[in-house]
There are 2 protein chains.
Amino acid sequence: MTEQGATTGTWTRKISRENLSETAYQSIRTALMHARLLPGTKLRLRQLAEEFGISATPMREALIRLVQEKALHLDARGTAVVPELTLDELHEIRGIRLMLEGDCAARAAVRAGVRGATELKEIHDGIPAALAADNFAEAVNLNTAFHLSLCRLAELPITYDIIEGLWVRCGPILSHLYDDGLPPHDGEHPHLSIIQAIRHGDAERARAHLQADILRMGAGLDRFATRPS
Amino acid sequence: MTEQGATTGTWTRKISRENLSETAYQSIRTALMHARLLPGTKLRLRQLAEEFGISATPMREALIRLVQEKALHLDARGTAVVPELTLDELHEIRGIRLMLEGDCAARAAVRAGVRGATELKEIHDGIPAALAADNFAEAVNLNTAFHLSLCRLAELPITYDIIEGLWVRCGPILSHLYDDGLPPHDGEHPHLSIIQAIRHGDAERARAHLQADILRMGAGLDRFATRPS
DNA sequence: ATATGTTATTTGTTATAACAAGCAAGCCAG
DNA sequence: CTGGCTTGCTTGTTATAACAAATAACATAT
């Protein structure tokens, strides 16, 4: 038989002991983050379970987890529903992001340097390409990926989880950005300024440009939050 | 029969339908926050369910929720266990708290004013009293209550939830503070400085004193985090 | 026609049992 | 006595069914 020493590299891949609930959880979560589920959508237990081809128990677990991170909420009946975001909530999230993502940008500039900059550049380059093809959804997804990748570079796992949670919550309303494209920018695209600051290891410039980018994007979103401020 | 108009006032009270899983969830959560569960403790599904007098299903739901907010984590087998906190994690949490709680303090000073100050004073006054009675556990709980009440005064619900989540995660290691009492302070107790700043509506002074308090408490905790920094 | 009461259906909640994987104790062979 | 195997038990995972509450549909009376 083939011994372990007889081959180089890994030929075994981890058998993902695929948890049914975990899989369902990830599916719904990325659907939320990719704006494929609109605010107000009801996620019914048995119906969803059938669509996923699983039983109610693991389906319920997936929904519970999403409710816990407030990516969904339960209505009076107990049905999971994609939440609407009030203007107040949107502003509060923006405030938190300015602090936490700002911190990540600053730290990424110190820790990631050139390596991180190229990684981000690669992601960002897809945005103009997607826009040229009128593929707004893809552009928005890449924008999300850009921000999250940046935060990952900071190597602050707890901070990262918080930020990702905020993005999941905002996901459903990102679909509104499709309505009339991404907000404009004057001069160089903010992402490029961020990338350059990181490449140069300039923490404070990275923070400032990232915060400017958050505010730019936020302006485009404000109009679409539900009225009851 | 008695008509509705025949009585004055309300004689009906809302019947809160108590969820089994919700109750179990809250129980474990406050146990964690009050440092009654030590790091490394295993929470076995059936065993816990029996202790709570419920079946496995709602018990599992409670554990899942706590795992989701990282108040617990699952070992390789899938058993829920009270997590240990590494020094890195502790430091990261402190950094986040400096920002978010700092913000809450500043905003509380503006929005809560004198009203909030008296509320906080009432909580804080219990601390020297508890210490005088050698009741460290109570003193630590009051300290937690002080910080969380302060954050509630800022009326930033999303921020508050994040902060509370961090406190839950730190809960189990707070028990180490019992070992040799709360960290000392020179001069006026930091809480009193915070309260005064809030009473005067001085946002920046409130922020500064709160951050000083976080650093003071953090110093007492550093020694006890698990080694693998 | 509207309002009210009744019934049927939908939907979340909990309990229970079958299942699978891991771990430990014990047993047998060397 | 030790190594490896088997057996049984513990523990998480999933499916299913009984249950309870809310909603919707329908019928009836005013």
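Each chain gets a letter, A, B and so on, in the order its sequence line appears, and its residues count up from 1.
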Handout entry: Note: A/E164-A/R29 ion pair, threshold 4.0 Å (strictly below)
Key = yes
Handout entry: Value in whole Å for how far the C1' atom of D/dA22 lies from CG of A/L74
Key = 15 Å
Handout entry: From A/I96 atom CD1 to B/L156 atom CG, the distance as rounded to the nearest 0.5 Å
Key = 7.5 Å
Exercise for the section: Would you mind reading off the distance between B/R44 atom CZ and C/dC23 atom C1', rounded to a whole angstrom? Expected result: 11 Å
Handout entry: Spacing of A/E22 atom CD relative to D/dG12 atom P, expressed in whole Å
Key = 17 Å
Practice task
Please state how far atom CD in A/E61 lies from atom P in D/dA15, giving the value in whole angstrom units.
Solution key: 11 Å
Practice task
May I have the distance from B/L48 (atom CG) to D/dT11 (atom C1'), rounded to whole angstrom?
Solution key: 13 Å
Handout entry: A/T79 side chain, from C-beta outward: closest of D/dT14, C/dG12, D/dT13
Key = C/dG12
Practice task
In sequence, state the C-alpha distance, the side-chain angles, and the governing distance for A/Q68 and B/Y25, and then conclude on side chain to side chain donor-acceptor pair (under 3.5 Å).
Solution key: CA-CA 11 Å; A/Q68 186 64 21; B/Y25 167 75; 3.0 Å; yes
Problem - Interatomic distance, A/M59 CE vs D/dT14 C1' [rounded to whole Å] - result: 14 Å
Problem - Any B/W167 side-chain heavy atom under 4.5 Å of B/L174 side chain - result: yes
Exercise for the section: Would you indicate which nucleotide in C/dT16, D/dG12, D/dT14 comes nearest to any side-chain atom of A/L20? Expected result: D/dT14
Exercise for the section: Check whether the side chain of A/R46 and the base of C/dG12 form a donor-acceptor pair under 3.5 Å. Expected result: yes
Handout entry: Euclidean distance, atom CD of residue A/E50 to atom C1' of C/dT11 [Å, nearest integer]
Key = 14 Å
Problem - B/S21 (side chain) and C/dT13 (base): donor-acceptor pair under 3.5 Å - result: no
Completion exercise
Testing C/dA15, D/dG12, C/dG12 for proximity to the side chain of B/T57, the answer is C/dA15
Handout entry: Sidechain N-carboxylate O distance under 4.0 Å for B/R60, A/E61
Key = yes
Exercise for the section: Look at B/N19 and C/dG12 and indicate whether a side-chain polar atom (N or O) is within less than 4.0 Å of OP1 or OP2. Expected result: no
Handout entry: Spacing between A/L45 atom CG and C/dT14 atom C1', to the nearest angstrom
Key = 13 Å
Practice task
Answer with yes or no whether A/R60 presents, from its side chain, a donor or acceptor under 3.5 Å of a partner atom in the base of C/dG12.
Solution key: no
Problem - Nearest-nucleotide pick for A/R77, side chain only, options being D/dT23, D/dT11, C/dT14 - result: D/dT23
